[in-house]
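Start at 1 with the first residue, then count along the sequence. The structure presented is a predicted model; accordingly, all values stated were derived computationally and were not measured.
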Amino acid sequence: MSNSNLYSGKRFRLAVIHFLLGRTAQGIASFAFTLWLVRELFPSDYGIYMVLWGMVDMMMPLSSLGMLEAVRRFLPELAARGAPGVLMRFVRWMMLIRFAILLAWVALIIAFWPEIASWMGFDSEQQETTKLAVWLIVTVISFRYASEMLECLLEQRWSQLIYAFMPIGRLTGLAILVFTDNLSLDRLIWIDLIVSCICFLLTEFILIRKLRSISGTGDYKVSVREIFIFSWDMAGVNLLRAIASAGSLRILVARTLGLEAAGMFAFLQQLLMIFGRYLPANLLANIIRPMLISRYVAGEVGMVKQGMALLWKSNLMIICMIMATMCVAGDAVIGLVSSDRFQEAGMLMMIMLLGLGATSQGQLVVMIMQIFLYTRQLSYFSVLSIFTPLAVIFGSVWGLVGVACGIAVSVWFMNSLILNWLNRQTGRIELDWFSVTRGVLLAVVISFIGLIVEFQFGAWWALACVLSAYGPGLILIKPLNQSDMVLLNLGLRHRARFLKPFVRNI
């Protein structure tokens, strides 16, 4: 394949199709696994299992030390215009160093596992049962790291296929354990370990084959010093954000409110993560990032800023829609999907959705700051991440609602400050506040109507009312502007015509 065609519009559109198909399969399998698991495990075991996965998720940024961000930033450039052999050496050394870091972390955690597990609330029997889960740090994170490299090369077909295999494999393993009446926490961990190991080996094989097909024809090289400085700046960001990650917050809830409360918090978190994957800034991040980097390198800064503004607005619109549904039928929906294990959780879910909105916007801002190479400033701002775990500890006095409020307030505060600074530094990003305000008002009006319907006819009729009214409502307020449509035409070509009903003429 010609390096000049690696990030062409045609490959971008194919990547979007493969990405959407893969994410759909992954989302369905993850949702089914979550709903089935919460019904089969005892509340305390479910809490332990989710805390263990919280530990794995927390180790993702904690073990990165800026290397994942360096891969996301430099690999697309090296693939498109790198000198011969540079791309392969870059990938080889980044993977070897990351693998060594993971092994060092695992050795350290195993050495202090009794103390760590006891701090998280595990008794002596549970400590021994869950010790094997530490190795998930190596298999899961290594698999995700290699998949990120494939996505940087716009190889969404293979990366999303293997990503989908992970929840499908876990779901299959859970089914076997349930139907053979052998379900237990330790066997479930073995299933996760086997499936993640298979995913890691498959991803490595495909990545190596892809790299061998790319012949360096340019003259671009990135120095070790440049990679080190970028990674060093991002390492501080990773370390600080690790303490405010979803996994660390789950562990803090287990510590302050107990394992059963952590199970409920983790279940709602898991639903939010499924929703969050389909927010535009998250859904398309690994496809759009290489494209934006290529535009930034070509000097098309305006397109980068317009891309951010469109993703930012789209995120908020979708969050408003989900919050409207939770407002009118949150208790019924959560009760149904949890098999009535978690009652009256609608209000809690709404507050956590506010936090999700801030988190998704924060991920978008971080991506843009990395593209503009504002990594040192980002490391300074990341000091504010410490307020999130402090807010969890303080809010735990009022239970899970207090925890959710603390997370939402702290995350919105931090990301608003960073966005305001970025807006000034980049010569002003034209954020479409007019459309966002109309979107929020639409959500409020539809929620008010839905509450009236809920009072008269019940939650499910109210939910149907909200969902059926939101699409026509968006056509009425027309949240997209002409600048958005220009960008969408570049990326989607003729498919962008389906979005014309949502575009303002002025």
Side-chain angles (χ1 to χ4, degrees), residues 27-51 53-54 167 170-171 174-175 178 183 188 246 249-250 253-254 257-278 318-357 395-396 398-405 407-408 443 446-470:
I28 293 171
S30 297
F31 190 63
F33 179 80
T34 300
L35 299 194
W36 197 356
L37 189 65
V38 77
R39 287 163 167 78
E40 296 295 337
L41 286 182
F42 292 112
S44 59
D45 284 347
Y46 181 77
I48 292 169
Y49 181 74
M50 297 308 294
V51 167
W53 269 95
R170 294 171 71 197
L171 182 62
L174 176 62
V178 170
L183 180 62
L188 194 58
L249 298 182
R250 193 179 299 175
V253 171
L257 297 176
L259 289 172
E260 291 197 19
M264 179 177 180
F265 181 77
F267 178 77
L268 297 180
Q269 242 188 2
Q270 202 71 13
L271 295 181
L272 285 178
M273 288 171 67
I274 293 171
F275 293 151
R277 287 193 188 106
Y278 298 95
I318 294 173
I319 287 289
C320 285
M321 182 192 73
I322 300 173
M323 288 191 67
T325 62
M326 288 295 108
C327 177
V328 300
D331 291 344
V333 170
I334 301 301
L336 175 68
V337 297
S338 68
S339 190
D340 290 326
R341 179 164 290 184
F342 305 126
Q343 298 287 332
E344 298 181 356
M347 179 60 69
L348 177 60
M349 189 65 167
M350 277 191 64
I351 299 170
M352 292 178 71
L353 278 166
L354 279 174
L356 173 66
S396 63
W398 293 277
L400 285 176
V401 171
V403 167
C405 288
I407 293 172
I446 290 178
S447 297
F448 181 73
I449 295 172
L451 287 172
I452 296 174
V453 174
E454 191 269 338
F455 180 76
Q456 293 291 332
F457 303 103
W460 298 113
W461 282 105
L463 179 62
C465 174
V466 168
L467 292 177
S468 60
Y470 210 85

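With contacts defined as side-chain heavy-atom distances shorter than 4.5 Å, the pair V453/V328 does not qualify. Residues I334 and L348 fail the side-chain proximity criterion, which asks for heavy atoms closer than 4.5 Å. Looking only at side-chain heavy atoms (C-beta outward), M326 and V333 come within less than 4.5 Å of each other. Between D45 and F42, some side-chain heavy-atom pair lies under the 4.5 Å cut-off. Side-chain contact check for S396 versus V253: every heavy-atom pair is 4.5 Å or farther apart. Contact annotation: the side chain of I446 never approaches that of M321 to less than 4.5 Å [non-hydrogen atoms, C-beta and beyond]. Here the side chains of Q456 and W461 are not in contact, with every heavy-atom distance at 4.5 Å or above. For the pair W53 and R250, the minimum side-chain heavy-atom distance is below 4.5 Å.
Atom CE of residue M349 and atom CG of residue D331 lie 12.0 Å apart, to the nearest 0.5 angstrom. With rounding to the nearest 0.5 angstrom, the OG atom of S338 is 8.0 Å from the CE atom of M264. The CZ atom of F31 sits 12.5 Å away from atom CG of L171, with the distance rounded to the nearest 0.5 Å. Remark: L268 CG to I351 CD1 distance equals 11.0 Å, nearest 0.5 Å. To the nearest 0.5 Å, the span separating OG1 on T34 from CD on Q269 amounts to 11.5 Å. Once rounded to the nearest 0.5 Å, the distance linking CD1 of I322 with CG of L272 reads 8.5 Å.
Looking at every heavy atom in both residues, V51 comes nearest to A254 through CG2-CB, 3.8 Å. Pairing each heavy atom of A324 with each of A443, the nearest pair is CB-O, 4.2 Å. Of all non-hydrogen atoms in M50 and A266, the two that sit nearest each other are CB-CB, 3.4 Å. Scanning both residues, M350 and C327, for their nearest heavy atoms gives SD-CA, 3.5 Å.
Under the rule for a side-chain contact (heavy atoms from CB on, under 4.5 Å), A464 has no partner lying at least two apart in sequence or in another chain. Scanning for side-chain hydrogen bond (donor to acceptor under 3.5 Å, both in side chains) contacts around Y470 gives an empty result, with sequence neighbours left out. Taking W36 as the reference, E40 meet the side-chain hydrogen bond (donor to acceptor under 3.5 Å, both in side chains) condition, with sequence neighbours excluded.
Checking side-chain atoms of R39 against main-chain N and O of V337 turns up a donor-acceptor pair under 3.5 Å. S30 contributes no side-chain N or O that, together with a main-chain N or O of G27, makes up a donor-acceptor pair within less than 3.5 Å.
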